[in-house]
Every structure is written in structure tokens, then in C-alpha cells.
There are 2 protein chains.
Amino acid sequence: MAKAGVASGVTAGGSQRSAGTRRQLVQAAIETLSSEGFAGASARTIADRAGLNQGLIFYHFGSVANLLLAALDAVSEERLQLYGAEVSTVSGPRQLVDAAERMFRSDFDAGYVTVLVEMIAGASSTPGLGAEVASRIAPWKDFARSTIEASLRGTPLDGVLPIGDLAHAVVALYLGLEMLGHLGGDPGPAFDLFSHAKQLASLVENLIPPNAPKEPA
Amino acid sequence: MAKAGVASGVTAGGSQRSAGTRRQLVQAAIETLSSEGFAGASARTIADRAGLNQGLIFYHFGSVANLLLAALDAVSEERLQLYGAEVSTVSGPRQLVDAAERMFRSDFDAGYVTVLVEMIAGASSTPGLGAEVASRIAPWKDFARSTIEASLRGTPLDGVLPIGDLAHAVVALYLGLEMLGHLGGDPGPAFDLFSHAKQLASLVENLIPPNAPKEPA
DNA sequence: GTCTATACTTGGATAGAC
DNA sequence: GTCTATCCAAGTATAGAC
């Protein structure tokens, strides 16, 4: 056991100065989770990186676990918003795979998916953390589902694929590819897969043009 | 930082008594990794579970990291052997998916894949650990590749699919499904996926019967 | 050779200074 | 309200007992 209990809602909303300190700590927590992993994300390590006293973590967040959750929140919100923007201009499966590849690349380089992976893997060490992490992962599955659904609209696959299960698989694959890529230091195989997926998506699109007008049922 | 450096080959081969102690520690390490995760797998926690003095870990393995690697070795070897046996009786994609589902179920229930996931995620916290873990994950990808290859022999997909990349994806998916299933406490969605995969595999098999004699090139 | 008691280091948390 | 100095628990590691 390393991190202590998960208090709820200790993210006090205070002054300007306080907000700045919190922001620095959250940023340092993200970087530490990326480079040292959950097990290496101690109060001291994080505070050192931010150039701040480690006690501040407990004052502002109540516990290390809560700071890490705040870091997860920050990453999840920012990325999800960016993903939404990327995807909004997309029509059809091939463009979607293309967008997914770009997002994976920038995620991988910045170490953002690592934050998710580390928090999921680390959750089992702290009582109560699992549920908190789960509630922050859920939006990703929702996002995957609605995006897949939208991109399939108008193609012959519309309505025949189990979207919910597919979304689950996509998220799982995304996390797994990140783990393997990070471990070997080489995300190469992941990008080979994206390239195959693009061919497959093109195949689907060439059967029937994307976004062809569809008869109302 | 929690675990210390990774010494090489400290797994001294000694007496009967020594072997028994090591076995108990490895077993306790596996259980601890499963239930508490990498971050919770301290020398004291593991030794307590085994009912042994924590100093024994350093005497027998040199460091906590080395004990955890020994645990990973044990799980990987035992499971890989069992997987090999399961798969040896298999012919064709559908039976393969069937076998994979059985293996995933027993792995998930026993927490064996969790050991892999936790070691991969935890690797980044200890210098040198990443490479050691990577070399122990590699056989899984090899196994996936040769198994997929064999099951496709004689089907119309033989030779057209990028086996290496597919194997990478399968391992990644396996790890990702484990993470998500473990997090939510419910591996359900993973099994839904297996069920879809079975339908897909049946489809492939019905195009051309499995293991149909193939013309030599 | 095997194990235990003990030394030392790092980590979480808070009482009290500003 | 914000932060720092300090405390105690938990972790790694080893010197020495058996």
C-alpha cells in the first residue's frame, strides 16, 4: 500500500494563487505518471518536479490519489475535447481511421494514454480508486461508440455491427497498443495496424459511397 | 521510486529447503500482483502473505523487482504451456476462438493476465525493468503469430492477412480487455466479443472447409 | 546456507508558522 | 487561506544470529 484513501471533492475552489499551484501540481502529476508510472508517482517525486513543497499536495487535494485523479480528469477532458474536434470533420470509415491514427500518434508522443493505463493498472493498489477511475474511463467508451456509429451511417455495415461491443474492443485495443508500444519503446506495430485498417476501411467505402442518402425506415 | 535495481541471475539454485521458500515467495508474489497490483507489491506485503520474513526476499532474489520477474516467469511459462496444449487439438478459426475464450476465462478468474498487465505498467517505475518484462512478453506474441498462422492454413485467408501485425493486435486486445474487465469488475463485454468473433470465424470456415488439402507451391 | 533482528530511507500526512 | 517544518508509518536492504 502506498497511496491513502480517496476523499471525495477535496478539489476546493479558492483563490487565484491556489488555482495556479493546483495547476502546477496537476501538470507535474501528469508528467510523473507518464515517465515514472503509478508506482513512481509519490507526493515527493511529483512535488519535486513542480518545484513545490510536497505538503501542498495534501492541502490542495487531500491525498496523492486525489491529485492523480485530478490529473486523469485533466488529460481525459482535454483529449476528449480534441478528439471531438478531430472527428467532427470526418465522414466515413477511412477518414475515421485516419483521424484515429493522428490522435494515437500525438497521444503516444505526449504520453497521455500512458496516464490512463497507469491509473487503471494502479487502481487496484488503493481501495476505492477503481470506481473513480472507471467513471473517468466510461466517457471514452461512449465517445468510441457514438463515433463509430456516426461513421458507419450510410454504409452497408450500418446496423449490422454490434457497436457497443466494438467500442469496448476499440478502447481495449487502444490501451493495449499503448502498453506494448511503451514497453518496447517502439509504437511501430501499432501504426502498421492503422495502415491495414485504412485499407479495410477503403474497401468498405468502395462497396458503397460514404454518407449515401439512406431511405427512412 | 519503490523497487530497487534489477540484478541479473540472482535466482541461485540451492538446496531443497531454499527451493521451497522461493516457491512460496513466488506464489505469494503472483497473488499480491493480482490483488494489490504492482504498486501494492512491496516486500512486506508479499512476505506477510507467504507467512515469511521479508528479508528472505532479498536473500533469495536480491530485490523485490527480481522476485516479481520470477513471478512473471512462472505465470508466463505455466500459462504458455497450457495454452499450447489447448491449441494443439484445434483446427480452424472457430475452434481457435473457442479455445481463446476458454483460456481468457480461466486467466481472468485466476488473475494471471493481471500479472502481465501490472508488470508492464509497473515497469516504468524501475530502471531496467522494462527490458526484462519485454523479453518475457515476446513469447506471447510469437505464440499468437504461429497459432493464427496454423489456424488459417487451408482457408481463403491464408497468406493474405498480415499475421505479425495481427498477432500484435491480438496480444494488445487481450491485455486491454483484461484491464477493462478487471477495472469494472465485469469481463462481460469481452465475452460478448468472443461470441461475435465465433460467428465471424464460422463465416470464414463456411466459405471453405478448414484444413482442406492445399496445393504445394 | 538459511533466516531474523535491526538500520536506514522514502513516503504519507499534519500541526503549526506565515 | 496558503504553505513549510516535522512526525510517524512503510519500504528496502543488510549485518549478524543460527
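Nothing here was measured: the structure is a model prediction, and the numbers come from that model.
The distance from atom CZ of A:R22 to atom C1' of D:dC3 is 14 Å, rounded to the nearest whole Å. One atom, CD1 of B:I57, and another, P of D:dT14, lie 14 Å apart when rounded to the nearest Å. Distance, B:L52 CG to C:dA5 C1': 16 Å, rounded to whole Å. Look at CG on B:N53: it is 16 Å from P on D:dA17, rounded to the nearest Å. Distance CZ (B:F61) to C1' (C:dC3): 14 Å, rounded to an integer number of Å. We find that CG of B:L56 is positioned 16 Å from P of D:dC18, with the value rounded to whole Å. As a whole-Å value, the separation of B:L68 CG from D:dG11 P is 13 Å. Rounded to an integer number of Å, the gap from B:H60 NE2 to C:dT2 P is 6 Å.
For the pair B:I30 and B:L33, the minimum side-chain heavy-atom distance is 4.5 Å or more. Taking 4.5 Å as the limit, every side-chain heavy atom of A:W140 sits out of range of all side-chain heavy atoms of A:L175. In this structure, the side chains of A:L193 and A:F104 stay at 4.5 Å or more apart for every pair of heavy atoms.
When all heavy atoms of B:S18 and B:H60 are compared, the closest pair comes out as OG-CE1, 3.2 Å.
On a pure distance criterion of 3.5 Å, no polar donor-acceptor pair joins the side chain of B:R17 and the base of C:dG1.
Closest-nucleotide positions on DNA chain C for B:Q16 and A:A43 were compared, and the one nearer the 5' end corresponds to B:Q16.
One finds no side-chain N or O of B:T21 lying less than 4.0 angstrom from the OP1 or OP2 phosphate oxygen of C:dT2. Remark: A:S15 is not in phosphate contact with D:dG1, judged by side-chain N or O atoms under 4.0 Å from OP1 or OP2.
Distance from the side chain of A:V64 is smallest for C:dG12 among the nucleotides D:dT4, C:dA7, C:dG12. Across C:dG1, D:dC3, C:dG12, the shortest atom-to-atom separation from the side chain of A:Q54 is found for C:dG12. When the nucleotides D:dA5, D:dG1, C:dG12 are ranked by their closest atom to the side chain of A:Y59, D:dG1 comes out on top. The side chain of B:T45 approaches D:dG11 more closely than any other nucleotide in the set D:dA5, C:dC3, D:dG11. In this structure, of D:dT4, C:dA5, D:dT12, it is D:dT12 that holds the atom nearest to the side chain of B:F58.
Rounding to the nearest 0.5 Å gives a distance of 6.0 Å between CG of B:L166 and CG of B:L161.
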